[in-house]
Amino acid sequence: MSVVDEVWERLEQQPGSAGLIAMLQGIAASEPADGYRLAHAMYSDRRGMSALAPDALPIVLALARDSALPARDEVVLALNMLVECARSQPAGRIPPAWLPAWQVCRAAAEPLVADQDPKVRWWAVDLVERPGPLSNRLRTEIEPSMRIRLLLRLGQVATPTDDQARAALAAVAGSPVLRLAALRGLNRLDPDGAAGRVDGLVDLFTDPSMPASVELLWNPADEDYRPELSDLVLPTAEDLPAAVAARFTARLARCGEPELRVSALDAAWQVLVLRPSAGPELLTMAGALLDDPDPRVRVRAAHLLAMLGKAAAPFADRLFALLDDLNGDEWLDGTIADFACWALARIGDPRALPGLVWRLTAVHREQGRSWTGGDPHRPDPYDALIALPEHAEALRPQMAEWKKGGLLSAADVLAAWDGRDAIPCEPPAGAGLDSVACRLREMRQQYRPWHETSRYRTAMVAVATLSQRGPLRPKVRAAVEHALSLDRRLSKEYYDYRAVLDDERVRDMLQRALRGEAVRMPALSIPLPG
């Protein structure tokens, strides 16, 4: 525990404004000033937001507005971080007094977007929650990087009926990078109209002047980090609805320079890992890129087809032709051949079966295997094989060799194939299976990672248990239908292949339960290290 944390805990035990003010002033005036340290004094992942944060808020705001304070931008950064935590965290991790305190203070924070210190203006933009102050500042702001931030934020806080904000965004001209920020702002403001702006986005990303413009203007001149155009592909896709984001990345991947194609495929994967609806839009694009001259593109295209499963069947012959392609991307785990073989196996093509287990278990034989969470990477053999029970006869002899090698017990896969790994349902004390299953009605389009994993998995197990007792009751059916209607993954909040594979199994189980079949909770992927 740091000295700051120790002092803060003592203050929490002995509340009093004098000690709080002295501590915050001391951190803010320290050399070097550190906004992260100041913010972390009031919020931590371990305990959430401190109960003293609502009392600290006006003090921090006063410090941010004190022009005599050195490194005032660090104080505004801390305020920015604290406000963002309050916006994004579940209510149970935020003191009840925070919202009233912020409602009192937020109007006083708005003038900071017009501060003389450009660093203060930079961090103050995200504090503003009304479009008016942002539109007003746009009329006088001349710093390009600040105009970019204002345009993006304006699109975030304005509503589709705000004609003034829409006009301000639509009127932006000049540098292509400013037009990109304006288009992204419009997409945030009006997602329903985003489909009509895809062509404009692609045109801007393929504008020959764009790379230099981004490097020069996207960040302040005194900022060491200079982003590249490819860095903006994913955040641009994240501003779009899933189907539109898939269309944008698919188009960009087929007409951009190599770096843009790679970034577009990475963005397409991030869309697909969260939104099942993105699949059809990405299928043709991924198939077309199997012949790309850049191996970094081919490996990502093969990975996307592996993720799309049986839908990738039209490209089976071309995937088969890649089984000897040992190229890839030095920063990704797995070769083009690895992903092509896995894609064929997911399609159900028997040409993938010879030597499949040996190829899959290579991830355990190799030393120093590494990958970054969320990036494409080879599956754990258990995860890949439990989805192939229809090929059990051909794979069992290979698994016997796997078992001899002691790499991982093949019994787990056999149990999954035979349905001997069913997950028992133990509803909470006093709760019936129906009420547990009906929790699926509460599932939202967006993930709520602090409670969803166990809560909704238990609900799905309850549905499976009820299906074995007869047709589902109307309330349970309605809850299952609601979950299936959501364009999101129903599985645990993974950000790699496991989200896709588990989602397929869970959706299939719920759909069969709706049809009146007696089902069991399917085997799910195992957590991986890293």
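In terms of modelled atom types and a separation under 3.5 Å, the side chain of Ser135 and the main chain of Ala165 share no donor-acceptor contact. Using modelled atom types, one side-chain atom of Asp333 and one backbone atom of Arg378 make a donor-acceptor pair closer than 3.5 Å. Looking at Arg188, its side chain never comes within 3.5 Å of a backbone N or O of Asp239 through a donor-acceptor pair. In this structure, Gln270 contributes its side chain and Gly374 its backbone to a donor-acceptor pair below 3.5 Å. A donor-acceptor pair under 3.5 Å is formed between the side chain of Arg147 and the backbone N or O of Leu138. A donor-acceptor pair under 3.5 Å is formed between the side chain of Arg197 and the backbone N or O of Leu186. The closest donor-acceptor contact from the side chain of Ser213 to the backbone of Ser209 lies at 3.5 Å or more, if one exists at all. A side-chain donor-acceptor contact under 3.5 Å links His482 to the backbone of Met443. At distances below 3.5 Å, not a single donor-acceptor pair connects side-chain atoms of Asp383 with backbone N or O atoms of Pro379. Of the possible polar contacts, none joining the Trp122 side chain to the Leu77 backbone as a donor-acceptor pair under 3.5 Å is found.
With no hydrogens or angles considered, no side-chain donor-acceptor pair links Asp375 and Tyr495 at under 3.5 Å. Donor-acceptor pairing under 3.5 Å is lacking for the side chains of Asp502 and Tyr494. Side-chain contact check for Arg226 and Asn219: no donor-acceptor pair (N or O, by modelled atom type) lies under 3.5 Å. Side-chain atoms of Trp98 and Gln103 include no donor-acceptor pair closer than 3.5 Å.
Scanning all heavy atoms of the two residues, the minimum distance from Ala264 to Val233 falls at CA-CG1, 3.8 Å. Taking each heavy atom of Leu252 and Arg261 in turn, the nearest pair found is O-CG, 4.3 Å. Nearest approach of Leu112 to Ala64, heavy atoms of both residues: CD2-O, 4.0 Å. Nearest heavy-atom pair across Pro95 and Ser50 is CG-O, 3.2 Å. Annotation for Leu524 and Met521: closest pair CD1-CE, 4.0 Å, computed over non-hydrogen atoms. Of all heavy-atom pairs spanning Arg507 and Pro276, the tightest one is NH2-CG, 3.9 Å.
A salt bridge links Arg300 with Asp266: the distance from a Lys NZ or Arg NE/NH1/NH2 to an Asp or Glu carboxylate oxygen falls below 4.0 Å. We find that Glu442 and Arg455 are joined by a salt bridge, their nearest charged nitrogen and carboxylate oxygen being less than 4.0 Å apart. Note on Asp503 versus Arg489: salt bridge recorded, some NZ/NE/NH1/NH2 to OD/OE distance being below 4.0 Å. Under 4.0 Å is where a charged nitrogen must lie from a carboxylate oxygen, and between Arg149 and Asp126 at least one such pair does. A salt bridge links Asp190 to Arg166: at least one charged side-chain nitrogen sits closer than 4.0 Å to a carboxylate oxygen. Using a cut-off of 4.0 Å between Lys/Arg side-chain N and Asp/Glu carboxylate O, Glu74 and Lys119 are scored as not salt-bridged. Note on Asp115 versus Arg65: no salt bridge recorded, every NZ/NE/NH1/NH2 to OD/OE distance being 4.0 Å or above.
Aromatic rings from His303 and Tyr497 are positioned such that their centres are separated by 6.0 Å or more.
The structure places CG of Leu204 at 9.5 Å from OG1 of Thr236, a figure rounded to the nearest 0.5 Å.
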Q: Walk me through it: do Val436 and Thr458 pass the test side chain to side chain contact (heavy atoms under 4.5 Å, CB included)?
A: CA-CA 7 Å; Val436 174; Thr458 302; 3.8 Å; yes
Q: Show the numbers, then the answer: is there a side chain to side chain contact (heavy atoms under 4.5 Å, CB included) between Val273 and Asp496?
A: CA-CA 7 Å; Val273 80; Asp496 59 16; 5.7 Å; no
Q | Working for side chain to side chain contact (heavy atoms under 4.5 Å, CB included), residues Val214 and Glu228 | A | CA-CA 6 Å; Val214 168; Glu228 297 180 359; over 6 Å; no
Q: For the pair Val262 and Ser230, evaluate side chain to side chain contact (heavy atoms under 4.5 Å, CB included) and give the outcome as yes or no after the intermediate values.
A: CA-CA 8 Å; Val262 169; Ser230 58; over 6 Å; no
Q: Could you walk me through whether Glu141 and Arg121 pass the salt bridge (charged side-chain N to carboxylate O under 4.0 Å, His left out) test, one step at a time?
A: CA-CA 10 Å; Glu141 181 62 62; Arg121 296 203 305 275; 3.1 Å; yes
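The number of heavy-atom neighbours closer than 6.0 Å to CD of Glu223, taken from other residues, nucleotides and ligands shown, is above 12. Glu129 CD: more than 12 foreign heavy atoms inside a 6.0 Å radius.
In this structure, Phe205 and Phe248 have tilted ring planes: the angle between them lies in the 30° to 60° band.
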